[in-house]
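Step one of this worksheet: look at the structure below.
On a predicted model such as this, the values are computed, not experimentally measured, just so you know. As a basis for the values below, the full set of heavy atoms in this structure was taken, side chains included, without hydrogen atoms, waters or symmetry mates.
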Amino acid sequence: MKQNSVTRRLSAQLREKLGYILLFEIADPRLDLVTLTGVEVTQDRSFARIFVSCEGDRYEEVLEALNSAKGRIRSLLARALDWRVTPELEFRIDRSTDEAERIARALENVPETLSVAKDDEGYPLVDDETASADDLSADADEVLADEANAADDEEGARA
């Protein structure tokens, strides 16, 4: 939904009232440890999309509980808000926390090549003590010689 300063203010107001209702008014044990992560309200206040997060294995259970209590929540909102229209509620699971955990786990398993110091162009830095320019050129000459010998062997085998 398109958000502007008015709808952001309305969303914040609705989120505050919803949080109070879920915490103190609704006594469903399936809604324990549920967090409101976002609320979007249309400009005419007729529709609200509410994003909630919970433990990953409880998504279906929480959505079912919220949808079954939707009428009660809406009637409590009508009393709590001074709006002319009480919005239709749509609950959605916010999976951004799952994605953040997945990224954090991926960052814990950093390949060794990423931890090597690199220069401005992204090439690995070579310590002066471990390898000098002569060593590098000698290694390069050996590689070229090995490739040339392999090519000669292939040509000899074909003949």
Side-chain angles (χ1 to χ4, degrees), residues 1-132 135-136 139-140 143 146-147 150:
M1 282 180 239
K2 185 176 177 185
Q3 295 288 306
N4 57 32
S5 61
V6 173
T7 56
R8 279 192 286 274
R9 181 180 53 79
L10 294 173
S11 297
Q13 185 181 7
L14 182 62
R15 183 176 182 215
E16 181 182 329
K17 300 294 182 185
L18 270 172
Y20 180 85
I21 288 170
L22 289 176
L23 190 60
F24 297 112
E25 303 287 335
I26 304 295
D28 192 338
R30 298 178 294 177
L31 295 177
D32 289 343
L33 300 174
V34 172
T35 305
L36 289 175
T37 58
V39 174
E40 294 177 351
V41 180
T42 57
Q43 199 152 4
D44 64 354
R45 303 175 190 179
S46 64
F47 183 79
R49 186 173 292 139
I50 298 107
F51 296 93
V52 296
S53 68
C54 61
E55 298 159 351
D57 57 338
R58 296 181 45 216
Y59 286 157
E60 297 301 321
E61 177 186 2
V62 167
L63 269 180
E64 182 182 320
L66 286 169
N67 286 326
S68 67
K70 189 185 293 188
R72 175 81 174 131
I73 293 170
R74 193 166 180 220
S75 68
L76 290 170
L77 274 175
R79 287 190 217 139
L81 295 171
D82 58 347
W83 298 357
R84 189 176 58 178
V85 176
T86 304
E88 181 68 33
L89 305 177
E90 177 190 347
F91 293 99
R92 290 191 179 179
I93 296 293
D94 185 4
R95 290 181 165 81
S96 62
T97 54
D98 296 339
E99 187 67 17
E101 287 177 21
R102 188 187 66 76
I103 290 171
R105 281 192 305 270
L107 290 175
E108 289 174 359
N109 302 326
V110 176
E112 294 177 17
T113 55
L114 291 179
S115 62
V116 173
K118 297 178 179 71
D119 63 8
D120 293 337
E121 297 174 358
Y123 293 105
L125 295 176
V126 179
D127 294 335
D128 291 334
E129 300 170 3
T130 57
S132 65
D135 294 339
L136 292 175
D139 291 341
V143 169
D146 290 342
E147 289 176 358

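Between atom CG of residue Leu22 and atom NZ of residue Lys17 there is a gap of 14.0 Å, rounded to the nearest 0.5 Å. To the nearest 0.5 Å, the span separating CZ on Arg15 from OG1 on Thr37 amounts to 7.0 Å. Within the model, atoms CD1 of Ile21 and CG of Leu76 stand 5.0 Å from one another, a figure rounded to the nearest 0.5 Å. Arg9 CZ to Asn4 CG: the interatomic distance, rounded to the nearest 0.5 Å, is 10.0 Å. Rounding to the nearest 0.5 angstrom, the gap separating the CZ atom in Arg95 from the CZ atom in Arg102 is 14.0 Å. To the nearest 0.5 angstrom, Glu90 atom CD is 9.5 Å from Glu40 atom CD.
Note on residues 13-39: pairs passing ring-ring contact (aromatic ring centres under 6.0 Å, His included), not counting sequence neighbours, are Tyr20-Phe24.
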Go through Thr86 and Leu81 one step at a time and tell me if the side chain to side chain contact (heavy atoms under 4.5 Å, CB included) criterion holds.
CA-CA 8 Å; Thr86 304; Leu81 295 171; 5.7 Å; no

Show your working on side chain to side chain contact (heavy atoms under 4.5 Å, CB included) between Val85 and Asp44 and close with a plain yes or no.
CA-CA 8 Å; Val85 176; Asp44 64 354; over 6 Å; no

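Pairing each heavy atom of Val62 with each of Leu31, the nearest pair is O-CD2, 4.0 Å. The minimum heavy-atom distance linking Lys70 with Leu89 is given by the pair NZ-O, 3.2 Å. Of all heavy-atom pairs spanning Val34 and Arg58, the tightest one is CG2-NH2, 4.3 Å. Listed here is the closest heavy atom pair of Ala48 and Leu14: CB-CD2, 3.5 Å. The shortest heavy-atom contact between Ile26 and Arg72 is CD1-CG, 3.7 Å.
Asp82 is listed as a side-chain neighbour of Gln13, based on a closest heavy-atom distance under 4.5 Å. Side chains of Asp28 and Leu66 form no contact here, defined as non-hydrogen atoms less than 4.5 Å apart.
Between the side chain of Arg74 and the main chain of Pro87, a donor-acceptor pair closer than 3.5 Å is present. For the pair Ser53 (side chain) and Asp94 (backbone), a donor-acceptor distance under 3.5 Å is absent. For Thr7 (side chain) and Val41 (main-chain N/O), no donor-acceptor pair under 3.5 Å exists by modelled atom type.
For Glu101, the side-chain contact (heavy atoms from CB on, under 4.5 Å) criterion is met by Arg105, not counting sequence neighbours. Take Glu64 and apply the side-chain contact (heavy atoms from CB on, under 4.5 Å) test, not counting sequence neighbours, and it matches Arg30.
The neighbour count for Gln43 CD, taken as heavy atoms of other residues, nucleotides or ligands under 6.0 Å away, does not exceed 12.
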